[in-house]
There are 2 protein chains.
Amino acid sequence: MKIGELSKKSGCSIQTVRFYEKQHLFKACNRTEGNYRIYDASSLSTLRFIKQCRSLGLTIIEIKQLLDTKMNPDRSCTSVNNLIHQHMTDVTKRIEELNELKQTLTDMALACSDNRKVKECGVLQMLEK
Amino acid sequence: MKIGELSKKSGCSIQTVRFYEKQHLFKACNRTEGNYRIYDASSLSTLRFIKQCRSLGLTIIEIKQLLDTKMNPDRSCTSVNNLIHQHMTDVTKRIEELNELKQTLTDMALACSDNRKVKECGVLQMLEK
DNA sequence: GTAAACTCTATACCTAGTATAGAGTCAACA
DNA sequence: TGTTGACTCTATACTAGGTATAGAGTTTAC
Ligand SMILES: [Zn+2]
Ligand SMILES: [Zn+2]
Ligand SMILES: [Zn+2]
Ligand SMILES: [Zn+2]
């Protein structure tokens, strides 16, 4: 299968597939005589794995580590579990930050009403502080 | 005051101050004979305003709009209020996304325990799907 | 006079892609 | 056989909001 088909089946854009290859997330695949990339089913499943990881917010480096880990099926999976755990911590922290931010924005919105002039704007006054 | 002092008083790094100037967020200031930037108290308050906006997640372009708006004290502040309201919507949406993500990560963490091998890892198995 | 501290510009780098330009490849159709 | 259209190739620039240098010049203190 050529890159266009892989792109459609995986849901990653063609450029993204090439970008992943450049980042060594994807090993370089075979080429046709005309220099076209040729993929097989395993490329597709790797790409889907990568996509799933990205949707969780894992970085390319972290995904690389996961892919490396998968190469050694008999080792301990502790590093995988730790990685997910660490991410949960990060996401939780980010949610807390955003909740605080939301509260600030709410207070700010309440500090002004429509039909005011800029010099009386409650939002701008809060931003000055 | 020179850029180092402004940096310390505002909490923005020296590079960031120069970066803001380059982005026209900050108008170019006066220079000494030796070509050093010289700031006054109003520069500091503008910079603090910018920092406050950035901490709310406003983009540089949006901050530029706010600073422009502040130049016309007698106009309506509706655009300011709208901007904050739009941000609240965005932040709320982002929080929801992250909460879903957190749930997924939680399920994933529960799918595996320590002392398993990579080939039995519940996390990796979930990522395959 | 000189050393330390400060500042200057310009440039490269970061993440995770996206969007071109310009060239080459391949299949189908007339 | 020629040509059109769809596809692919590489290389490069761009995004946002900075951060981190290199190499040079300036100022201040001793
Ligand atoms: Zn992570
Ligand atoms: Zn207002
Ligand atoms: Zn916004
Ligand atoms: Zn596991």
Side-chain angles (χ1 to χ4, degrees), chain A residues 1-26 28-40 43 46-67 83 87 90-91 94 97 101, chain B residues 1-26 28-40 43 46-67 83 86-87 90-91 94 97-98 101:
Chain A
M1 132 178 65
K2 280 181 292 186
I3 200 167
E5 194 180 342
L6 181 71
S7 166
K8 264 177 202 148
K9 284 187 177 164
S10 67
C12 298
S13 78
I14 290 176
Q15 293 101 306
T16 298
V17 174
R18 292 198 279 238
F19 171 73
Y20 287 160
E21 179 185 317
K22 208 185 218 166
Q23 301 295 311
H24 308 287
L25 195 51
F26 230 53
C29 59
N30 295 325
R31 301 282 184 127
T32 65
E33 287 188 2
N35 201 32
Y36 283 13
R37 289 172 179 82
I38 290 298
Y39 299 98
D40 58 16
S43 313
T46 301
L47 196 48
R48 281 182 175 149
F49 180 86
I50 293 170
K51 200 168 189 230
Q52 189 80 357
C53 291
R54 283 294 302 130
S55 77
L56 296 178
L58 298 182
T59 66
I60 286 183
I61 288 175
E62 289 168 332
I63 299 172
K64 217 179 285 184
Q65 289 168 6
L66 287 183
L67 290 170
L83 198 151
H87 253 287
D90 295 346
V91 169
R94 185 73 187 125
E97 284 168 4
L101 180 51
Chain B
M1 123 180 71
K2 280 181 291 183
I3 199 166
E5 192 180 342
L6 181 71
S7 166
K8 262 177 205 147
K9 284 187 176 164
S10 66
C12 298
S13 77
I14 290 176
Q15 293 100 307
T16 297
V17 175
R18 291 197 280 237
F19 171 74
Y20 287 160
E21 180 185 315
K22 210 187 218 164
Q23 300 297 310
H24 307 287
L25 194 52
F26 229 56
C29 60
N30 295 325
R31 302 282 184 128
T32 65
E33 286 187 4
N35 201 32
Y36 283 12
R37 288 172 180 83
I38 290 296
Y39 299 97
D40 56 17
S43 313
T46 301
L47 196 48
R48 281 183 176 149
F49 180 85
I50 293 170
K51 198 166 190 232
Q52 189 80 356
C53 291
R54 283 294 303 130
S55 78
L56 297 178
L58 299 182
T59 65
I60 286 182
I61 288 175
E62 289 168 332
I63 299 171
K64 219 178 285 185
Q65 289 168 5
L66 287 184
L67 290 170
L83 199 151
Q86 181 59 53
H87 252 286
D90 295 347
V91 169
R94 184 74 188 126
E97 285 168 4
L98 286 179
L101 180 52

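Quick note on labels: first sequence line is chain A, next is B, and so on, each numbered from 1.
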Q: Just compare C:dC26, D:dA20, C:dA16 and give me whichever is closest to any side-chain atom of B:Gln15.
A: D:dA20
Taking the side chain as every heavy atom from C-beta outward, state whether [X] and [Y] have any pair of such atoms under 4.5 Å apart.
X: A:Arg94; Y: B:Arg94; answer: no
X: B:Ile63; Y: B:Tyr20; answer: no
X: B:Ser43; Y: B:Asp40; answer: yes
X: A:Lys2; Y: A:Arg37; answer: no
X: B:Phe26; Y: B:Ile50; answer: yes
X: A:Glu62; Y: A:Cys53; answer: no

Atom pair distance, as rounded to whole Å: [atom1] in [X] and [atom2] in [N]:
X: B:Ile50; N: D:dA16; atom1: CD1; atom2: P; result: 17 Å
X: A:Lys22; N: D:dT12; atom1: NZ; atom2: C1'; result: 8 Å
X: B:Gln23; N: D:dA16; atom1: CD; atom2: C1'; result: 9 Å
X: A:Leu47; N: C:dG17; atom1: CG; atom2: C1'; result: 14 Å
X: A:Leu58; N: C:dT15; atom1: CG; atom2: C1'; result: 14 Å
X: A:Ile38; N: C:dT25; atom1: CD1; atom2: P; result: 15 Å
X: A:Phe19; N: D:dT10; atom1: CZ; atom2: P; result: 15 Å
X: B:Glu33; N: D:dT28; atom1: CD; atom2: P; result: 12 Å

(Q) Go nucleotide by nucleotide along DNA chain D from the 5' end; which of B:Thr59 and A:Arg31 gets its closest nucleotide reached first? (A) A:Arg31
Using atom names, set out every protein N or O paired with an N or O of nucleotides 1-7 of chain C below 3.5 Å, distance rounded to 0.1 Å.
{"from": "C:dC6", "atom 1": "O2", "to": "B:Tyr36", "atom 2": "OH", "distance (Å)": "3.1"}
{"from": "C:dT7", "atom 1": "OP1", "to": "B:Gly4", "atom 2": "N", "distance (Å)": "2.8"}

Q: Could you name each residue pair satisfying salt bridge (charged side-chain N to carboxylate O under 4.0 Å, His left out) that touches residues 3-12 of chain A, not counting sequence neighbours?
A: A:Glu5-A:Lys9
**Q.** C:dT25 phosphate, OP1 or OP2, under 4.0 Å from A:Thr32 side-chain N/O
**A.** no
Q | D:dG18 OP1/OP2 closer than 4.0 Å to side-chain N/O of B:Ser13 | A | no
